[in-house]
Amino acid sequence: MMLGKRLLLVTCLLGSSGLAHAEGDATKGKTLFSRCAACHATGSQNKVGPGLAGIIGRPAASAPGFRYSKAMTGSGLTWTEEQLDTYLAGPAKAVPGTTMAVAVPNAQDRSDIIAFLKTLNAQ
Ligand code: HEC
């Protein structure tokens with residue numbers, strides 16, 4: 001019984017240290033956005049990918065004039081920070097059939113990129 005409680009405590013501590021880097025750094029995110037910039041504008045113009053102005057809180061597949069995949073159009077998602085994190089971790093897993101192939105495997109990088117994307121909402 002005692003051992004069980006101790007294991008539980010260790011698990012909780014590990015769990016909370018995992019959350020410690022949840023806060024993103026927008027400045028780092030701006031640099032990391034170079035991975036996205038070939039396809040995405042920070043404004044509303046579309047390139048290979050849709051413009052990402054105001055992306056936080058925006059319904060998926062709602063950039064005017066962009067030809068989305070059927071998968072994205074039918075996803076019914078709204079880009080909350082959590083949903084963006086899941087999509088960037090594995091686009092094809094989050095939205096099977098999406099035409100975006102680039103993933104961001106590192107959780108801290110994703111937090112930083114999302115923090116940067118948040119600044120686009122303020123423009
Ligand atoms: C090689 C081109 C390419 C790169 C690089 C790329 N994307 Fe994409 N992205 C796309 C395409 C194409 C779509 C549309 C996907 C679809 O319709 O299924 C998309 C869609 C998205 C969407 C959904 C937009 C909406 O209006 O619903 C987000 C958010 C996004 N990308 C973020 C990023 C971020 C952040 C990065 C950098 C880490 C990135 N993308 C890198 C091509 C790219």
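Values below: every heavy atom of this structure, side chains too, minus hydrogens, waters and symmetry copies. Both counts, for ligands and for their atoms, begin at 1 and track the order of listing.
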| task | Flag the pair Phe33 / Thr42 as yes when at least one side-chain heavy-atom distance between them is below 4.5 Å, and no otherwise. | result | yes
| Should the proximity of Thr73 to ligand 1, defined as any heavy atom under 4.0 Å, be assigned to the side chain, the backbone, both, or neither? | neither
| Structural part of Val95 in contact with ligand 1, heavy atom criterion under 4.0 angstrom | neither
| message | Students should be able to answer this: which protein heavy-atom is nearest to atom 12 (C) of ligand 1, and at what distance? | response | Val48 O, 3.4 Å
| With side chains defined as the heavy atoms from C-beta onward, is the minimum distance between Tyr87 and Thr98 less than 4.5 Å? | yes
| task | Tell me which part of Phe33 gets within contact of ligand 1: side chain, backbone, both or neither, using heavy atoms under 4.0 Å. | result | neither
| note | protein heavy-atom neighbour closest to atom 17 (O) of ligand 1 works out as Ser69 N, 2.8 Å
| task | Give a yes or no on whether Cys36 keeps an N, O or S atom under 2.8 Å from atom 8 (Fe) of ligand 1. | result | no
| task | Just jot down the ligand 1 atoms closer than 4.0 angstrom to any heavy atom of Cys39, in number order. | result | 1 (C), 2 (C), 3 (C), 4 (C), 5 (C), 42 (C), 43 (C)
| query | Can you tell which part of Val104 has a heavy atom less than 4.0 Å from ligand 1: side chain, backbone, both or neither? | reply | side chain
| said: Does any part of the side chain of Arg35, heavy atoms only, come nearer than 4.5 Å to the side chain of Asp109, both counted from C-beta? | reply: yes
| remark: In terms of its nearest heavy atom to atom 23 (C) of ligand 1, the top option of Phe66, Phe116, Trp79 is Trp79
| query | NZ of Lys47: more than 12 outside heavy atoms within 6.0 angstrom? | reply | yes
| request: Check Thr98 against ligand 1 and report side chain, backbone, both or neither, counting heavy atoms closer than 4.0 Å. | output: both
| field | Option set Ala101, Ser75, Pro50, criterion heavy-atom distance to atom 24 (C) of ligand 1, minimum | value | Pro50
| task | Tell me, please: is Arg67 in heavy-atom contact with ligand 1, that is, under 4.0 Å? | result | no
| remark: Judged by heavy atoms only, the candidate from His40, Lys70, Arg35, Gln83 nearest atom 9 (N) of ligand 1 is His40
| remark: among protein heavy atoms, the one nearest atom 29 (C) of ligand 1 is Leu84 CD2, 3.4 Å
| task | Mark the output for Ala61 as yes if a heavy-atom distance to ligand 1 is under 4.0 Å, and as no if none is. | result | yes
| So do Ile56 and Leu120 actually touch side chain to side chain, heavy atoms under 4.5 Å? | no
| query | Any idea which protein heavy atom is nearest atom 16 (C) of ligand 1, and the distance to it? | reply | Thr99 OG1, 3.1 Å
| Going by heavy atoms in the side chains, are Met100 and Leu88 under 4.5 Å from each other? | yes
